[in-house]
Q: 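Here you go, one structure.
In what follows, chains are A, B, ... by sequence order, proteins preceding strands, each numbered from 1. All of these numbers come straight from a predicted model, not from anything done at the bench.
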Protein chains: 2
Amino acid sequence: MDNTKPIRELLHAHGLKKTPIRAEMLELFMGHDVALSASDLLAKLTANHDRVTVYRALNSFEERGILHRASEDGQGVKYAMCGHQCPDEQHTDQHAHFVCDECHQTYCLEEVAIPDVEVSDAFSVNRVNYTLSGICKACKA
Amino acid sequence: MDNTKPIRELLHAHGLKKTPIRAEMLELFMGHDVALSASDLLAKLTANHDRVTVYRALNSFEERGILHRASEDGQGVKYAMCGHQCPDEQHTDQHAHFVCDECHQTYCLEEVAIPDVEVSDAFSVNRVNYTLSGICKACKA
DNA sequence: CTGTGTGCAAAGGGTTTGCAAGTAC
DNA sequence: GTACTTGCAAACCCTTTGCACACAG
């Protein structure tokens, strides 16, 4: 299968040029069901790319709505694609996430909608983060 | 009012010795309704204490259940006391938190219980983090 | 060709570790 | 006196910024 065209289109639809590192990064995201950090990507990228380039690509992807922040455990931010196939418009990332205490993988629970709560008028809520943590199946074994 | 004795007892009840910096840190937590980071504490402590000492005290307090992590926005972890008056036993921190996008203050919404969700058997959930963000009353003005 | 993207060097902020000196009880 | 705490120095990790060069369209 040829993933090249979809990736080029995905990038162009969000106003970004197609470059080798961006394409490879998006392929990695599409091929993984867990969220990836800048370090994860650097370890997986075939060519030796600069950390800075990866950070800037991630920021661009997030700004344009190609990726969302799945978790940030203080030791790094992890990003993920919604549905491994993002729509052209900005997506909303209103699902829960799960972080494993053992392997530290972050999973998108795309089928788990975030429940609402009632809060005081003192706060105007714009975003909600719902993150579960515990042990994932792979580590339970 | 004399807060000295309660603080000494709080520390001893959790197996920690009373030292000036620990006492002052706990007083700061009791006197604030928002979560505090290591940097916040360093700025508020009267004597010049070492950053490391503050980090270690925070870790001890968290391990012993005196404080809980209220938020970690990648630019630092903020801690808070439950109910500004923690029970002797380990508390559970099962309430929502609110982080203001403007002033970056973290508030404990102690009256807001975290709603449960159903997740796949693939995950054993141990903890839940529910963090709202938006604008707080002070910044709305 | 022109704006966008990349690489390198350097710096910044938060946090941790090792070790020796100090202190609570 | 003894174990726990502190302070200092140094290191670690993630991330950002500035600037010159390279490349996509």
Q: C:dT17, C:dG7, D:dT6: which one has an atom nearest the side-chain heavy atoms of B:I21?
A: D:dT6

Q: What integer distance in Å separates B:R64:CZ from D:dT5:C1'?
A: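 Spelled out: CZ on B:R64 to C1' on D:dT5 is 12 Å.
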
Q: May I have the step-by-step check of salt bridge (charged side-chain N to carboxylate O under 4.0 Å, His left out) for A:D101 and B:R127, ending in yes or no?
A: CA-CA 10 Å; A:D101 292 332; B:R127 271 161 297 109; 2.6 Å; yes

Q: Side chains of A:N129 and A:T131: any donor to acceptor distance under 3.5 Å?
A: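 Yes, because at least one side-chain N or O of A:T131 sits under 3.5 Å from a partner of the opposite role on A:N129.
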
Q: Using OP1 and OP2 only, check whether a side-chain N or O of B:Y55 sits under 4.0 Å from C:dT16.
A: no

Q: Within the pair A:T19 and C:dT6, is there a side-chain N or O less than 4.0 Å away from OP1 or OP2?
A: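 Yes, within the criterion.
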
Q: Between atom CG in A:L42 and atom P in D:dT15, what is the gap in whole Å?
A: 10 Å

Q: May I ask you to evaluate whether B:R51 reaches the phosphate of C:dG13, defined as a side-chain N or O under 4.0 Å from OP1 or OP2?
A: no

Q: Would you indicate which nucleotide in C:dG3, D:dC4, C:dT16 comes nearest to any side-chain atom of B:K17?
A: D:dC4

Q: Looking at NE2 of B:H104 and OG of B:S37, how far apart are the two atoms once the value is rounded to the nearest 0.5 Å?
A: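 The OG atom of B:S37 is 12.0 Å from NE2 of B:H104, to the nearest 0.5 Å.
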
Q: Given D:dT5, D:dT15, D:dG25, identify the nucleotide with an atom nearest to the side chain of B:L16.
A: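 Nucleotide nearest to B:L16's side chain: D:dT5.
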
Q: Please report, rounded to the nearest Å, how far the P atom of D:dT15 is from the CG atom of B:D73.
A: 12 Å

Q: As a test of understanding, state which of B:R8, B:M81, B:K18 forms a side chain to side chain contact (heavy atoms under 4.5 Å, CB included) with B:L26.
A: B:M81

Q: Roughly how many Å is it from CD1 in A:I7 to C1' in D:dA24, rounded to a whole number?
A: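 Going from A:I7 (CD1) to D:dA24 (C1'), I get 17 Å.
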
Q: Just compare D:dG7, D:dT5, C:dT6 and give me whichever is closest to any side-chain atom of B:T53.
A: D:dG7

Q: Considering just the side-chain nitrogens and oxygens of A:R8, establish if one lies under 4.0 Å of OP1 or OP2 belonging to D:dG25.
A: yes

Q: What are the two closest non-hydrogen atoms of B:D116 and A:P115, and how far apart are they?
A: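 Taking B:D116 first and A:P115 second, the nearest heavy atoms are O-CG, 4.5 Å.
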
Q: What's the angle between the local helix axes at either end of the helix from C:dC1-D:dG25 to C:dC25-D:dG1, using five pairs per end and rounding to 10 degrees?
A: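 Answer for the end axes of this duplex: 40°.
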
Q: With a non-hydrogen cut-off below 4.0 angstrom, is B:S37 in contact with a base, only sugar-phosphate, or nothing?
A: nothing

Q: Round to the nearest Å and state the distance from A:E62 atom CD to D:dT15 atom C1'.
A: 13 Å

Q: Quick check on D:dT6: is either OP1 or OP2 less than 4.0 Å from any side-chain nitrogen or oxygen of B:H49?
A: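 It does not, given that no N or O in the side chain of B:H49 lies less than 4.0 Å from OP1 or OP2 of D:dT6.
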
Q: B:T53 vs B:D50, test: side chain to side chain donor-acceptor pair (under 3.5 Å). Steps then yes/no.
A: CA-CA 5 Å; B:T53 305; B:D50 196 277; 4.8 Å; no

Q: For side chain to side chain donor-acceptor pair (under 3.5 Å), just list the numbers for A:H12 and A:H14, CA-CA rounded to whole Å, side-chain angles, deciding distance to a tenth of an Å, and then say yes or no.
A: CA-CA 5 Å; A:H12 286 192; A:H14 290 86; over 6 Å; no

Q: Could you tell me the separation between the NE2 atom of B:H12 and the C1' atom of D:dC4, rounded to a whole number of Å?
A: 11 Å

Q: For A:L26 and C:dG5, give me the distance from atom CG to atom P, rounded to whole Å.
A: 13 Å

Q: Taking only side-chain nitrogens and oxygens of A:N59, does any of them come within less than 4.0 Å of OP1 or OP2 of D:dT16?
A: yes

Q: In the structure I gave you, are the side-chain heavy atoms of A:L109 and B:F123 within less than 4.5 Å of one another anywhere?
A: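 They are in contact (side-chain heavy atoms under 4.5 Å apart), so the answer is yes.
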
Q: Given that A:G74 and A:N48 both sit by DNA chain C, which one's nearest nucleotide is further toward the 5' end?
A: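 Looking at the nearest nucleotide for each, A:N48 comes out on the 5' side.
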
Q: Less than 4.5 Å apart, side chain to side chain, heavy atoms only: is that true for A:L36 and A:K78?
A: no

Q: According to a strict under-4.0 Å criterion, is B:S60 in side-chain N/O contact with OP1 or OP2 of D:dT5?
A: no

Q: Could you go over nucleotides 19-21 of chain D and give all protein N or O partners under 3.5 Å, atom names and distances?
A:
none

Q: Please answer: with hydrophobic residues joined when any side-chain heavy atoms are less than 4.5 Å apart, are B:I21 and B:L42 in the same cluster?
A: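 They do share one cluster, since a chain of ILVMFWY contacts under 4.5 Å joins B:I21 to B:L42.
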
Q: Please verify the inter-ring angle class for A:F98 with A:Y107; under 30° counts as parallel, over 60° as perpendicular, anything in between as tilted.
A: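 Rings of A:F98 and A:Y107: tilted, 30 to 60°.
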
Q: Expressed in angstrom and rounded to an integer, what is the separation of A:E72 atom CD from D:dT16 atom P?
A: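 Those two atoms, CD and P, are 11 Å apart.
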
